[in-house]
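Since the model is a prediction, treat every value here as computed from it, not as a measurement.
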Amino acid sequence: MAVPSKWEIAQFWEQSRNRDEFAPWLSLDEPCCFACGWLSERWKEKTPRARWGRARLERAHVVPRSLGGTDTADNLLLLCRPCHEDSPDWPDPRQMARWIATRAERPSKEMETFQAWFAAASEAPEFMDAVASVATEQNAQERVMDLLQGLMTQAGTHFAVGISPGTRVAVLRTAAERIRSWDEHGRSDG
């Protein structure tokens, strides 16, 4: 028997009498982690089925296979990676429901990215100073965005992490140096 698709799992839980216990955040139109509500605004596709297929959510067993669980929709939840990693591997489904009931809400992927860059900016105050120094110049916003995008092409990523906090700080510090050179040289290519 094939493992149910994400869409089939979502449809099952939408109709389940245990929906509120195991999928409190579920909305068929907007894919999200059943436990914390995490989603991504980039999961936009024309149909709900396609959105669920694109969603970076993992199939998680209510009762793990190693403890007698099955690969059926009634034993599978859709969780984000952190929730899947933290979820209980236990033979009693009530423990999964209790765990979900206490799981904190997570912001969207895009909001988490924004928060990560905001945190990096607090560690690189010279970036904010540099941006403030050019803020009133014509096309400053576009110039800074182009600079940041160019610097990001030079950045490496950590496996399973993506862009690390240290990389974000390095990008902002380098951008600050380049922006300061705009002031010194009167051009944006410094």
Side-chain angles (χ1 to χ4, degrees), residues 1-65 67 69-122 141-142 145 148-149 152-153 155 157-165 167-168 171:
M1 175 193 251
V3 176
S5 70
K6 294 175 189 175
W7 175 241
E8 291 167 332
I9 295 167
Q11 286 182 306
F12 170 83
W13 286 104
E14 174 68 22
Q15 300 299 318
S16 173
R17 63 183 171 86
N18 295 324
R19 177 187 183 277
D20 291 342
E21 291 178 276
F22 290 95
W25 296 97
L26 177 61
S27 164
L28 286 182
D29 290 335
E30 191 88 36
C32 68
C33 175
F34 289 7
C36 72
W38 179 81
L39 58 93
S40 173
E41 286 86 9
R42 295 183 184 185
W43 296 340
K44 297 296 181 197
E45 298 290 335
K46 290 185 180 187
T47 66
R49 177 187 210 114
R51 286 191 288 275
W52 280 96
R54 179 177 166 92
R56 296 200 52 148
L57 298 169
E58 300 176 0
R59 291 173 188 85
H61 290 86
V62 175
V63 174
R65 272 193 312 233
L67 298 174
T70 63
D71 286 336
T72 56
D74 64 331
N75 191 50
L76 292 169
L77 304 175
L78 298 173
L79 302 179
C80 63
R81 179 169 296 227
C83 283
H84 194 186
E85 289 174 355
D86 291 350
S87 66
D89 291 323
W90 198 250
D92 183 351
R94 293 175 300 175
Q95 293 304 321
M96 178 66 84
R98 289 179 77 183
W99 176 82
I100 289 170
T102 62
R103 193 71 176 165
E105 180 180 2
R106 271 181 71 199
S108 70
K109 179 179 184 347
E110 289 70 21
M111 183 55 74
E112 285 179 332
T113 299
F114 172 78
Q115 290 170 339
W117 280 103
F118 192 77
S122 70
Q141 181 178 349
E142 292 84 7
M145 290 303 298
L148 291 173
Q149 287 174 345
M152 284 304 299
T153 65
T157 58
H158 287 292
F159 178 74
V161 172
I163 301 165
S164 71
T167 301
R168 285 187 176 91
V171 165

Minimum side-chain heavy-atom gap [X]-[Y] below 4.5 Å:
{"X": "Trp117", "Y": "Val171", "answer": "yes"}
{"X": "Pro93", "Y": "Met96", "answer": "no"}
{"X": "Cys33", "Y": "Arg106", "answer": "no"}

Could you pull out the closest heavy-atom pair between [X] and [Y], with the gap in Å?
{"X": "Leu39", "Y": "Cys32", "answer": "CB-CB, 4.1 Å"}
{"X": "Thr167", "Y": "Ala155", "answer": "CG2-CB, 3.6 Å"}
{"X": "Leu78", "Y": "Ala10", "answer": "CD1-N, 4.4 Å"}
{"X": "Pro24", "Y": "Asp20", "answer": "CB-O, 3.6 Å"}
{"X": "Pro4", "Y": "Leu76", "answer": "CD-CD1, 3.7 Å"}
{"X": "Leu79", "Y": "Ala60", "answer": "CD1-CB, 3.5 Å"}

Roughly how far, to the nearest 0.5 Å, is the [atom2] atom of [Y] from the [atom1] atom of [X]?
{"X": "Arg49", "Y": "Ser5", "atom1": "CZ", "atom2": "OG", "result": "5.5 Å"}
{"X": "Leu26", "Y": "Phe12", "atom1": "CG", "atom2": "CZ", "result": "11.5 Å"}
{"X": "Asp71", "Y": "His61", "atom1": "CG", "atom2": "NE2", "result": "4.0 Å"}
{"X": "Trp38", "Y": "Arg103", "atom1": "CH2", "atom2": "CZ", "result": "12.5 Å"}
{"X": "Thr113", "Y": "Arg168", "atom1": "OG1", "atom2": "CZ", "result": "6.0 Å"}
{"X": "Lys6", "Y": "Arg59", "atom1": "NZ", "atom2": "CZ", "result": "6.0 Å"}

Heavy atoms of other groups near [X] [atom1], more than 12 under 6.0 Å:
{"X": "Arg19", "atom1": "CZ", "result": "yes"}
{"X": "Met152", "atom1": "CE", "result": "yes"}
{"X": "Gln115", "atom1": "CD", "result": "yes"}

**Request:** Determine whether the side chains of Trp7 and Gln11 contain a donor N or O and an acceptor N or O closer than 3.5 Å.
**Result:**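 Yes, Gln11 and Trp7 have a side-chain donor paired with an acceptor closer than 3.5 Å.
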**Message:** Can a side-chain donor-acceptor contact be found between Asp74 and Thr72 if the only test is distance below 3.5 angstrom?
**Reply:**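 Yes, Asp74 and Thr72 have a side-chain donor paired with an acceptor closer than 3.5 Å.
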**Message:** Could you check whether any side-chain N or O of Arg51 sits under 3.5 Å from a backbone N or O of Asp29, counting only pairs where one atom can act as donor and the other as acceptor?
**Reply:**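 Checking the backbone N and O of Asp29 against the side chain of Arg51, a donor-acceptor pair under 3.5 Å is found.
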**Prompt:** Is the shortest side-chain N to carboxylate O distance from Lys44 to Glu30 below 4.0 Å?
**Reply:**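 Looking at Lys44 and Glu30, the cut-off is met.
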**Prompt:** Going through the distances and angles, do Glu110 and Ser40 end up as a side chain to side chain contact (heavy atoms under 4.5 Å, CB included)?
**Reply:** CA-CA 6 Å; Glu110 289 70 21; Ser40 173; 2.8 Å; yes
**Message:** With side chain to side chain contact (heavy atoms under 4.5 Å, CB included) as the criterion, how do Arg98 and Gln95 come out once you've worked through the C-alpha distance, each side chain's angles and the decisive distance to 0.1 Å?
**Reply:** CA-CA 5 Å; Arg98 289 179 77 183; Gln95 293 304 321; 3.9 Å; yes
**Request:** For Glu8, check salt bridge (charged side-chain N to carboxylate O under 4.0 Å, His left out) against everything at least two apart and list the hits.
**Result:**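 Listed in chain order: nothing, the list is empty.
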**Message:** Checking Phe22 now: which residues fulfil ring pair (Phe, Tyr, Trp, His ring centres under 6.0 Å) with it, not counting sequence neighbours?
**Reply:**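 Scan of Phe22 (ring pair (Phe, Tyr, Trp, His ring centres under 6.0 Å), adjacent residues dropped) gives Trp13.
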**Request:** Walk me through it: do Cys83 and Trp99 pass the test side chain to side chain contact (heavy atoms under 4.5 Å, CB included)?
**Result:** CA-CA 10 Å; Cys83 283; Trp99 176 82; 3.8 Å; yes
